[in-house]
> 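Below are the structure tokens for one structure; questions will follow.
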Amino acid sequence: MANFSKPSVPRFSVDVYQNEYLPEGGREVNAIVTVTSTGGGTLAGAPAAPRPAGPDAGAAVALMVDCSGSMDYPPTKMRNARDATAAAVDTLRDGVHFAVIGGTHVAKEVYPGGGRLAVADAGTREQAKQALRRLSAGGGTAIGTWLRLADRLLSSADVAIRHGILLTDGRNEHESPEDLKAALDACAGRFTCDARGVGTDWEVKEVTSIASALLGSADIVADPAGLAADFTRMMETAMGKEVADVALRVWTPVGTTIRFVKQVAPTVEELTGRRTEAGPRAGDYPTGSWGDESRDYHVCVEVPAAGLGQEMLAARVSLVVPQPDGSAQNLGAQGLVRAVWTDDMTASTSINPQVAHYTGQAELAQAIQEGLDLRKAGDIDGATAKLGRAVQLAGASGNADTAKLLAKVVDVVDAATGTVRLKAKVAEADEMTLETRSTKTVRVKK
């Protein structure tokens, strides 16, 4: 576990945004919980500061590179993947444990081999890049085997942060969906993983499900030439992580039910089903690893009905790092969610701006995903309605990036009313980019 006495470890804070007023008989309480960590390894997106070599470096990284036969079409794809992995290796901080895995229908150790991890320094980085030059394409795709090998290698290091970076260009055709899910279940909570699809022959839902299960990011790199820059950014972000296995602990009083807990920024991620019990009336929701960053969570609870003028604590949110012995280290930040019953209609009917904004962002992500599924199924009217609603929501919330992606799939007649026409011809990369990035959100305008 991370050493919390170090000055480089982030300090956590929790802010709660809500309208605590409920009308008589009201029972649903919504709050946006903003968690911020400051003073860690990154600042405003800058790379991590150098840290000493040796066991104190605190991180291990496994790079999983697709080497299936399709990576040879075109031949530049494999070359770009090698170059991108080399760029990521160059970004490794001295002292970080690492390995490179070549993935086909089996998983092979490319570097260092022997079931172990290397420790990054000038010499091992150069050796890893030499090994990468020997990578060639051939074989099938069984991503679950790559993840299981990554887990075995990463677990051999006594470090706080364990992270994977996975690149694929094709569908997971050489193992069943059940095998992949079993691998994800086995790896969840053991390491985090960013997943990337290169080109347009891979399955969006496969790649996003990997990132979701392992609390990492997912994205498309439609042009393989963009891989090196993307891998470098991913590795810089990974090097900035300082605290692993942070959980959002939500305590609720007797009679109160948690309806859902979801991350809503920087992406929408459902956490409700990932709860683990943490003592009487408390549950932990995993958030993964943290550096210098801020994320928003939507907590919705149902409270017992109460009379006018009464008030109660509806939930208490804190941050913990679960320990192997079943205890938890509290990170010293908490927020309170309140409920107050009033007959002031203005107070009880106003919607908190943060809650309203993120409710819209979650609906936006769902409308895009449903719209694209309907389009693939040939339901033109249904797809038009859903994607039109998405255009309306993107415009209203100021999500300009998503609005631009939508405009490549539909012709926008009137954004304010969500009036659109499906484009007759859509580039596959544009549709896949919209689907992959559909869960990305924008923060509330201050």
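The first residue of the sequence shown is numbered 1, and numbering continues consecutively from there. Just so you know, these numbers come straight off a predicted model, no measurement behind them. The figures that follow rest on heavy atoms only: side chains count, while hydrogens, waters and symmetry mates do not.
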> Between atom CG of L374 and atom CD of Q369, what is the distance when rounded to the nearest 0.5 Å?
12.0 Å
> Roughly how far apart are E28 CD and T257 OG1, rounded to 0.5 Å?
11.5 Å
> What about F191 and H163, are their ring centers closer than 6.0 Å?
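No.
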> State whether a side-chain donor-acceptor pair under 3.5 Å links Y358 with D296.
yes
> Suppose we screen for side-chain contact (heavy atoms from CB on, under 4.5 Å). Which residues come up paired with D343, at least two apart in sequence or across chains?
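For D343 the side-chain contact (heavy atoms from CB on, under 4.5 Å) partners, ignoring immediate neighbours, are L308.
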> Would you call R274 and E269 a salt bridge, using N to O less than 4.0 angstrom?
yes
> Excluding sequence neighbours, so at least two apart, what forms ring pair (Phe, Tyr, Trp, His ring centres under 6.0 Å) with H174?
none
> Just checking, is any N or O donor in the side chain of Q361 or S397 under 3.5 Å from an acceptor N or O on the other one?
yes
> So, for L147 and L214, which heavy atoms are closest and what is the spacing to 0.1 Å?
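So the minimum-distance heavy-atom pair works out to CD2-CD1, 4.0 Å.
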> Does a side-chain N-to-carboxylate-O contact under 4.0 Å join D245 and R190?
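Result for this pair is no, no salt bridge flagged.
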> Under 6.0 Å between ring centres, would you say that holds for F98 and Y111?
yes
> Got a second to check how far W202's CH2 is from D169's CG, nearest 0.5 Å?
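Interatomic distance, W202 CH2 to D169 CG, rounded to 0.5 Å: 11.0 Å.
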> For side-chain hydrogen bond (donor to acceptor under 3.5 Å, both in side chains), just list the numbers for D121 and T124, CA-CA rounded to whole Å, side-chain angles, deciding distance to a tenth of an Å, and then say yes or no.
CA-CA 5 Å; D121 61 24; T124 56; 3.2 Å; yes
> Take W341 and E311 through the test side-chain contact (heavy atoms from CB on, under 4.5 Å) and record every step on the way to the result.
CA-CA 6 Å; W341 284 264; E311 58 180 89; 5.5 Å; no
> Mind listing the closest non-hydrogen atom pair of S289 and T192 along with its distance?
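That would be OG-CG2, 4.1 Å.
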> Mind checking the CZ-CG spacing from R162 to L153? Nearest 0.5 Å is all I need.
12.0 Å
> In Å, rounded to the nearest 0.5 Å, how long is the span from CD of Q310 to OG1 of T342?
12.5 Å
> Go through the structure and list residues passing salt bridge (charged side-chain N to carboxylate O under 4.0 Å, His left out) with K386, not counting sequence neighbours.
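Scan of K386 (salt bridge (charged side-chain N to carboxylate O under 4.0 Å, His left out), adjacent residues dropped) gives E370.
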> Going by heavy atoms in the side chains, are V337 and L313 under 4.5 Å from each other?
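Not touching, per the 4.5 Å side-chain cut-off.
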> For the residue pair V355 and Y17, establish whether any side-chain heavy-atom pair is separated by less than 4.5 Å.
no
> Do S294 and R443 get their side chains close enough for a donor-acceptor pair, meaning under 3.5 Å?
yes
> Can you sort out the partners of D185 under salt bridge (charged side-chain N to carboxylate O under 4.0 Å, His left out), two or more places apart, ordered by chain and number?
K181
> Residues two or more places apart in sequence or in another chain: which of them pass salt bridge (charged side-chain N to carboxylate O under 4.0 Å, His left out) with E435?
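Scan of E435 (salt bridge (charged side-chain N to carboxylate O under 4.0 Å, His left out), adjacent residues dropped) gives K205, K376.
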> Mind listing the closest non-hydrogen atom pair of Q329 and Q323 along with its distance?
CB-NE2, 3.6 Å
> Using a strict 4.0 Å threshold on nitrogen-to-oxygen distance, state whether D230 and R233 make a salt bridge.
yes
> Can you tell me how far CE of M345 sits from CD of E24, rounded to the nearest 0.5 angstrom?
11.0 Å
> R437: what forms a salt bridge (charged side-chain N to carboxylate O under 4.0 Å, His left out) with it, not counting sequence neighbours?
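Counting only residues at least two positions away or on another chain, R437 forms a salt bridge (charged side-chain N to carboxylate O under 4.0 Å, His left out) with D219.
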> Under 4.0 Å between a side-chain nitrogen and a carboxylate oxygen: does that hold for K440 and D401?
no
> Just so I know, are the side chains of K262 and L271 near enough to count as touching, which here means a heavy-atom distance under 4.5 Å?
no
> Looking at side-chain heavy atoms only, is the closest gap between W146 and T168 below 4.5 Å?
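Yes. Closest side-chain heavy atoms under 4.5 Å.
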> Kindly indicate whether the side chain of N330, heavy atoms from C-beta on, has any atom under 4.5 Å from the side chain of L319.
no
> Of all heavy-atom pairs between A131 and V110, which one has the smallest distance, and what is that distance?
CB-O, 3.8 Å
> If you take all heavy atoms of S350 and A347, which pair is closest and at what distance?
OG-O, 3.5 Å
